[in-house]
Amino acid sequence: MPELPEVESIRRNLETVLKGETIKDVKVFYRPIVSNMMDFEEKLIGQTIKRIDREGKYLKFILDDYMMISHLRMEGKYFMDKDHDKHTHVEFYFESGHKLSYHDTRKFGRFELVDVSFKDTYLNNHKKLALDPQNLDLETFYQAIQSKNKTIKEILLDQSIVGGIGNIYANEILYLSRIHPAKKGFLINYQEAQTLLENSIKVLNRAIELGGTTIDTFESLGHKGEFQQELNVHGKAGHYCKHCGDKIIKIQLKGRGTYFCPTCQKSHVIALTGGIASGKSTVSNYLIKKGFKVLDSDLFVRNLYLDKDFRLMIAKKFDSFKDNDLDKEKLASIIFNDKKNKKKLEKIIHPLVFKYLDDEIINNYEHLLFLDIPLLFETKYKNYDESLLVYVPKKIQLDRLMKRNNLSEMEANLRINNQMSLEGKKKLATYVINNKGTLKDLYKSIDNYLLKF
DNA sequence: AGAGTACCCTGCTTGC
DNA sequence: TGCAAGCAGGGTACTC
């Protein structure tokens with residue numbers, strides 16, 4: 001799968017061999033490979049190759065009157081003076097007697113012919129192709145990253161943001177930059193954008209020096225690239241990270257094989273908690289809206305009770321049957337009036353919740369994973385990197401609860417005092433968001449918090 | 001309009 | 001062993 005360095009190697013090799021050659025004849029054996037142009041062959045006859053340029057992953061054959069654009073996609077290859085075989089789709093015959101063949105096993109590559117006067121503008125205007133990293137200025141790159149609600153890996157692969165980077169180099173660039181591939185674009189700060197751009201240039205230049213990466217079938221006029229020997233993560237699942245010794249893992253990110261070091265390119269599990277009417281749900285909903293994954297422990301428990309076997313098991317343990325099913329009201333009353341029974345029920349439920357969360361965390365490939373656990377500190381769950389408390393002063397909590405649930409001050413106080421105090425939780429949390437202000441203030445605090453990662 | 005998805009195509013791998 | 005199904009993937013074209 002040729003990316004910028006491979007295409008550049010091909011360009012250099014082709015230019016050495018083809019500069020000054022005049023096309024005598026052209027044969028196209030697989031029509032769809034020439035986009036939308038029936039007189040492709042006849043227009044090319046008599047044209048001389050002045051030079052060969054490259055933009056992103058596109059080769060640009062600069063002729064007298066036309067620019068012939070060639071995109072190799074996955075498996076396009078050029079050969080000189082090679083016999084025709086079943087994967088030969090285009091042949092160019094030159095006045096000199098030499099022949100250039102275009103091979104493409106999967107027929108994904110494409111040719112296009114445009115007037116030579118569009119040579120500098122066509123790809124940008126018609127294919128939305130952005131500049132190569134070498135020519136891209138940091139401010140433009142940073143702004144483009146910031147404006148996207150996409151992962152940084154997708155952004156690096158987006159040819160309308162930066163040209164030439166494909167899957168192999170995206171993996172390598174992110175590894176060198178110590179950035180998790182699934183990190184959202186809007187969380188990338190200016191410093192990181194700079195690191196990414198610098199590493200992009202560094203990696204691509206080094207790969208060009210080595211003639212590209214020879215993986216699977218890449219070669220350029222018989223020359224093979226050497227960069228695969230310097231790959232750190234791509235195709236290295238199960239190998240040890242050269243930096244920290246952890247094992248490189250492979251995941252699928254938007255259908256693309258993604259390799260990274262889970263230690264160097266860190267993800268974070270953040271436990272979100274609060275007290276009654278402190279605003280935890282608002283925070284949780286905001287995070288979901290921003291595209292983050294939030295595991296809801298309460299929802300998991302509610303779903304447990306949808307399972308008949310589970311209900312019957314509980315009904316049996318607490319002798320709370322009604323119509324051959326669990327009597328929820330009776331159970332509630334048993335739990336409410338007897339601390340021992342409350343503990344007994346928790347001893348059943350909590351391990352199930354913990355197991356659910358643990359399993360999800362093990363299989364987590366998000367950059368940030370949030371756990372919504374109202375009783376985080378009470379249950380003493382520990383499998384997270386950081387705890388985030390949504391806090392409000394007691395007076396505001398009381399007011400909000402009375403308003404929200406239409407309660408008297410006494411009722412509201414009863415409910416609040418039934419929980420661990422927010423002051424107590426504040427001492428245990430690694431980060432506290434104070435929700436005493438407006439909704440806008442709250443969102444701002446969350447945005448600010450997220451920039452930490 | 002922007003995001004999501006099917007599609008192009010063949011060879012290799014996996015599973016029965 | 002043999003055959004079918006599944007998968008890989010950059011960019012485009014389509015849908016919602």
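Order of the sequence lines sets the chain letters (A, B, ...), proteins ahead of strands, with each chain counted from 1. Atom set for the values below is all heavy atoms of this structure, side chains included, hydrogens, waters and symmetry mates excluded. A quick note: this is a predicted structure, and the numbers were derived from the prediction, not measured.
Of the residues A:Lys184, A:Arg178, A:Lys183, the one that meets the salt bridge (charged side-chain N to carboxylate O under 4.0 Å, His left out) test with A:Glu192 is A:Lys183.
B:dT10 atom C1' lies 13 Å from atom CD1 of A:Ile33, rounded to whole Å. When the P atom of B:dG4 is taken as reference, atom CD of A:Glu154 falls 8 Å away, rounded to whole Å. As a whole-Å value, the separation of A:Met74 CE from C:dC7 C1' is 12 Å. With rounding to whole Å, A:Arg110 atom CZ is found 9 Å from C:dT12 atom C1'. One can place CG of A:Leu157 at 9 Å from P of C:dG11, the figure rounded to the nearest angstrom. Protein atom CG of A:Leu129 is 9 Å distant from nucleotide atom P of C:dG11, rounded to whole Å. Rounded to an integer number of Å, the gap from NZ of A:Lys127 to C1' of C:dT12 is 8 Å. Between the NE2 atom of A:His234 and the P atom of C:dG9 there is a distance of 7 Å, given to the nearest Å.
The aromatic rings of A:Tyr286 and A:Tyr443 lie parallel to each other, their planes meeting at an angle below 30°, with 60° marking the opposite boundary. Below 30°, between 30° and 60°, or above 60°: for A:Phe354 and A:Tyr381 the angle between ring planes is between 30° and 60°, a tilted geometry.
Close to C:dG10, at under 4.0 Å from its OP1 or OP2, lies a side-chain N or O of A:Arg256. Contact between the side-chain N/O atoms of A:Lys150 and the OP1/OP2 oxygens of B:dA3 is not found at any separation under 4.0 Å. Here A:Gln159 does not reach the OP1 or OP2 of C:dG10: none of its side-chain N or O atoms lies under 4.0 Å away. The phosphate of B:dT10 has neither OP1 nor OP2 within less than 4.0 Å of any side-chain N or O from A:His87. Within the 4.0 Å cut-off from OP1 or OP2 of B:dG11, at least one side-chain nitrogen or oxygen of A:Lys86 is found. OP1 or OP2 of C:dG10 has not a single side-chain nitrogen or oxygen of A:Lys57 nearer than 4.0 Å.
Ion pairing between a basic and an acidic side chain is recognised when a charged N comes within 4.0 Å of a carboxylate O; A:Asp53 and A:Arg51 show such pairing.
Among the nucleotides B:dC9, C:dG9, B:dG11, the one closest to any side-chain atom of A:Thr105 is B:dG11.
Evaluation of atom-type donor-acceptor distances gives no pair under 3.5 Å for the side chain of A:Arg73 against the base of C:dG9.
Crowding of A:Lys242 atom NZ: a count of heavy atoms from other residues, nucleotides or ligands under 6.0 Å exceeding 12.
Using a 4.0 Å heavy-atom cutoff across all strands shown, A:Gly166 reaches no nucleic acid atom at all.
Here A:Phe108 does not lie in a stacked arrangement on the base of C:dG11, lacking the combination of planes under 30° and ring centres under 5.5 Å apart.
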